[in-house]
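Quick notes on the structure that follows.
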2 protein chains.
Amino acid sequence: MVEQKIRLSVDAVVFGYEEGVISVLLIKRKYDPFKGKWAIPGGFVLNNESLETAVERELQEETGVKINYLEQLYTFGDVERDPRGRVVTVAYVGLVRPNTFKIFAATDASQVQWFTIDKLPELSFDHQKILLTAIARLQAKITYEPIGFELLDTKFPFSDLEKLYTTLLGRPIDRRNFRKKILGLNVLDELDEKVSKGSGRPANLFQFNQKRYFQLKKEGIIFEI
Amino acid sequence: MVEQKIRLSVDAVVFGYEEGVISVLLIKRKYDPFKGKWAIPGGFVLNNESLETAVERELQEETGVKINYLEQLYTFGDVERDPRGRVVTVAYVGLVRPNTFKIFAATDASQVQWFTIDKLPELSFDHQKILLTAIARLQAKITYEPIGFELLDTKFPFSDLEKLYTTLLGRPIDRRNFRKKILGLNVLDELDEKVSKGSGRPANLFQFNQKRYFQLKKEGIIFEI
DNA sequence: ATATCTTTGTGTACACTATACACAATATGG
DNA sequence: CCATATTGTGTATAGTGTACACAAAGATAT
């Protein structure tokens with residue numbers, strides 16, 4: 001059998017959250033195929049870099065984002081998924097805090113933009129499928145891993161967390177029960193700082209305590225919403 | 001940037017179950033690197049076949065197994081994982097019923113053998129890491145998807161299912177509660193057949209009803225152990 | 001400064017689910 | 001027919017999930 005080589009690319013579905021809205025970072029393609037169409041940022045893997053390195057490099061080059069959390073999603077390998085020929089893509093999910101950096105468009109991207117996940121544009125290649133897979137993963141994962149905090153500021157009012165979950169899960173949450181459950185997990189530190197946004201009682205700030213989470217995980221205590 | 005191509009392979013961690021023992025199918029490598037050492041079966045992806053097709057082809061060629069269930073596990077892409085140079089591997093998990101076919105060794109394999117998962121030999125490449133990832137996936141997944149049935153005969157006594165779960169989860173299960181829970185999910189058909197193995201009261205046979213499972217899944221009812 | 005509005009923060013009662021637990025039924029083997 | 005092995009079954013209790021309403025603290029308008 002002849003040994004074959006295949007073009008291998010990495011794509012990253014990058015989610016951000018601000019004020020009750022979940023967004024995805026997309027680029028407008030500068031070159032063919034799909035020139036002028038929106039796509040998930042990504043690119044080809046170089047011979048001497050790991051997949052994760054490739055993702056971070058491509059994101060940095062094309063969009064300027066600072067990734068806060070990155071996990072492998074799925075590898076898409078259908079034969080006809082790219083008109084240029086055989087391309088297999090390892091897709092990743094990234095979580096970022098959009099307010100900690102400024103995005104820009106460069107290299108293969110003529111534009112970079114945040115899109116609300118319920119108002120997505122038409123996408124290139126099989127990127128719609130990848131994006132939907134990523135959304136499903138995110139929705140599933142926040143219920144059993146504390147990755148929601150990666151989308152929030154390090155210090156956040158409890159209501160931000162609640163709003164994030166209602167948004168992501170697409171259903172209302174009982175405030176008292178949610179608070180009881182999360183605080184019962186013992187992974188949040190309540191700070192002595194308050195913050196008030198507009199009217200209403202000022203909120204206490206909380207902080208995710210990763211060390212405590214790892215301890216609990218070792219003891220077999222599972223995070224679950 | 002120069003567009004690069006990379007050797008892409010697929011590997012399949014194939015699990016089988018018989019009489020209270022979970023096994024993994026491994027091959028002994030016929031050629032270098034790691035000639036004579038045990039490895040997870042797999043091989044390079046051809047240009048005109050999907051990843052799943054490649055997995056099934058390689059398994060058929062090397063070992064003769066008939067795959068009953070196949071799912072993508074993870075893609076391993078470290079730069080130095082193969083001494084021949086850059087090779088990225090998409091790993092799969094396969095479940096089979098070992099008593100429905102005969103394994104044989106061919107092409108790259110000089111031997112094929114079932115190994116109990118707690119008595120594994122030393123493995124080639126980063127295959128130990130892949131295998132451990134696969135075991136973790138299997139253990140996690142049987143608690144929220146009804147994939148355990150893919151390892152059993154189509155008709156099975158309830159005790160087989162129970163033994164499978166105790167083995168995989170590595171802890172005892174209360175028979176009455178387990179039965180209550182599983183039967184309460186309403187995905188098993190109780191047949192009018194009995195089977196007796198050796199001494200003891202003969203057991204009723206059950207059968208997994210996939211249609212009913214899909215119906216319930218649509219209605220949002222989740223399988224959970 | 002007072003009333004009104006907005007958001008945060010808190011406890012309890014009830015339903016449901018998980019868990020612990022023991023003995024009868026039905027076969028086989030001496 | 002007696003001992004042994006395996007299947008099959010119900011109930012009581014603890015624990016968890018869920019539903020639900022009002023006070024506290026600040027901002028805004030009159």
Side-chain angles (χ1 to χ4, degrees), chain A residues 18-21 142-144 148 152-153 155-167 169-207 216 219-225, chain B residues 18-21 142-144 148 152-153 155-167 169-207 216 219-225:
Chain A
E18 253 174 332
E19 311 197 7
V21 179
I142 54 161
T143 68
Y144 65 89
L152 300 176
D153 293 336
K155 299 174 181 184
F156 55 88
F158 208 90
S159 54
D160 270 20
L161 187 65
E162 187 194 324
K163 211 172 289 171
L164 171 64
Y165 272 83
T166 54
T167 307
L169 300 178
R171 55 178 165 83
I173 290 180
D174 182 281
R175 184 146 34 106
R176 279 177 285 190
N177 294 338
F178 183 69
R179 196 178 172 110
K180 205 190 307 174
K181 208 167 186 176
I182 297 275
L183 293 184
L185 293 170
N186 234 2
V187 293
L188 290 191
D189 293 330
E190 188 163 7
L191 305 176
D192 268 339
E193 293 176 64
K194 291 190 192 304
V195 67
S196 77
K197 21 180 186 190
S199 70
R201 177 172 171 173
N204 237 312
L205 290 180
F206 288 82
Q207 195 165 7
L216 294 174
E219 297 164 19
I221 293 164
I222 47 170
F223 180 93
E224 214 196 342
I225 305 298
Chain B
E18 253 174 329
E19 312 197 7
V21 178
I142 54 161
T143 67
Y144 65 89
L152 301 175
D153 293 335
K155 299 173 181 183
F156 55 88
F158 207 90
S159 55
D160 270 20
L161 188 64
E162 188 194 322
K163 212 172 291 171
L164 172 64
Y165 272 84
T166 54
T167 307
L169 299 179
R171 57 177 164 83
I173 290 181
D174 182 279
R175 183 146 34 106
R176 280 176 284 192
N177 294 337
F178 184 68
R179 196 179 173 109
K180 206 189 307 172
K181 206 169 188 175
I182 298 275
L183 293 183
L185 292 170
N186 234 1
V187 294
L188 291 191
D189 293 331
E190 187 162 8
L191 306 175
D192 267 340
E193 293 176 66
K194 290 189 194 306
V195 69
S196 78
K197 22 180 185 189
S199 69
R201 176 173 173 172
N204 237 312
L205 290 180
F206 289 83
Q207 195 165 6
L216 293 173
E219 296 165 18
I221 293 165
I222 46 170
F223 180 93
E224 214 196 342
I225 305 299

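Proteins get letters first, then strands, A, B, ... in listed order; numbering begins at 1 in each. Just so you know, these numbers come straight off a predicted model, no measurement behind them. When reading the values below, keep in mind they use all heavy atoms of this one structure, side chains included, and skip hydrogens, waters and symmetry mates.
- For Asp189(A) and Gln207(A), the side-chain atoms include no donor-acceptor pair closer than 3.5 Å.
- Across the interface with DNA chain C, nearest-nucleotide mapping of Arg201(B) and Glu224(B) shows Glu224(B) to be the residue nearer the 5′ end.
- Put simply, NZ on Lys197(A) is 16 Å from C1' on dA25(D), counting in whole angstrom units.
- In 5' to 3' order, the nucleotides of DNA chain C bounding all contacts with chain A (an atom under 4.0 Å from a heavy atom) are dT6(C) to dT12(C).
- Salt bridge absent: Lys180(B) and Asp174(B) never bring a charged side-chain N and a carboxylate O closer than 4.0 Å.
- Whole-Å rounding puts the Phe178(A) CZ to dT16(D) P distance at 19 Å.
- A donor-acceptor contact under 3.5 Å is formed by the side chain of Arg175(B) with the base of dG8(D).
- Rounded to a whole Å, the CD atom of Glu193(A) is 18 Å from the C1' atom of dA25(D).
- Nucleotides of DNA chain D nearest to Leu183(B) and Gly198(A) differ in position, and the one nearer the 5' end is that of Leu183(B).
- Without hydrogens or angle criteria, Asp153(B) side chain to Phe156(B) main chain gives no donor-acceptor distance under 3.5 Å.
- Atoms CD and CG, on Glu18(B) and Leu152(B) in that order, are 11.0 Å from each other to the nearest 0.5 Å.
- The NZ-P distance, from Lys181(A) to dG15(D), rounds to 18 Å in whole Å.
- Taking atom CD1 of Ile225(A) as the reference point, atom C1' of dT16(D) lies 14 Å away to the nearest angstrom.
- Note on ring orientation: taking the six-membered ring where Trp is involved, the planes of Phe206(B) and Phe158(B) are perpendicular (angle over 60°, cut-offs 30° and 60°).
- Going from atom CD1 of Ile182(A) over to atom C1' of dG17(D) covers 14 Å, rounded to whole Å.
- Note: CD1 (Ile173(A)) to C1' (dG17(D)) measures 14 Å, nearest angstrom.
- Annotation: of the two residues near DNA chain D, Lys163(B) and Asn177(B), the 5′-most nearest-nucleotide partner is Lys163(B).
- Checked by atom type and distance alone, the side chain of Tyr165(A) pairs as donor or acceptor with a backbone atom of Ile142(A) at under 3.5 Å.
- Remark: C1' of dG17(D) and CD1 of Ile222(B) are 13 Å apart, rounded to the nearest angstrom.
- Of all non-hydrogen atoms in Lys155(A) and Leu205(A), the two that sit nearest each other are CB-CD1, 4.1 Å.
- Ser159(B) comes within contact range of the sugar-phosphate backbone alone, with a heavy-atom separation under 4.0 Å but no base atom that close.
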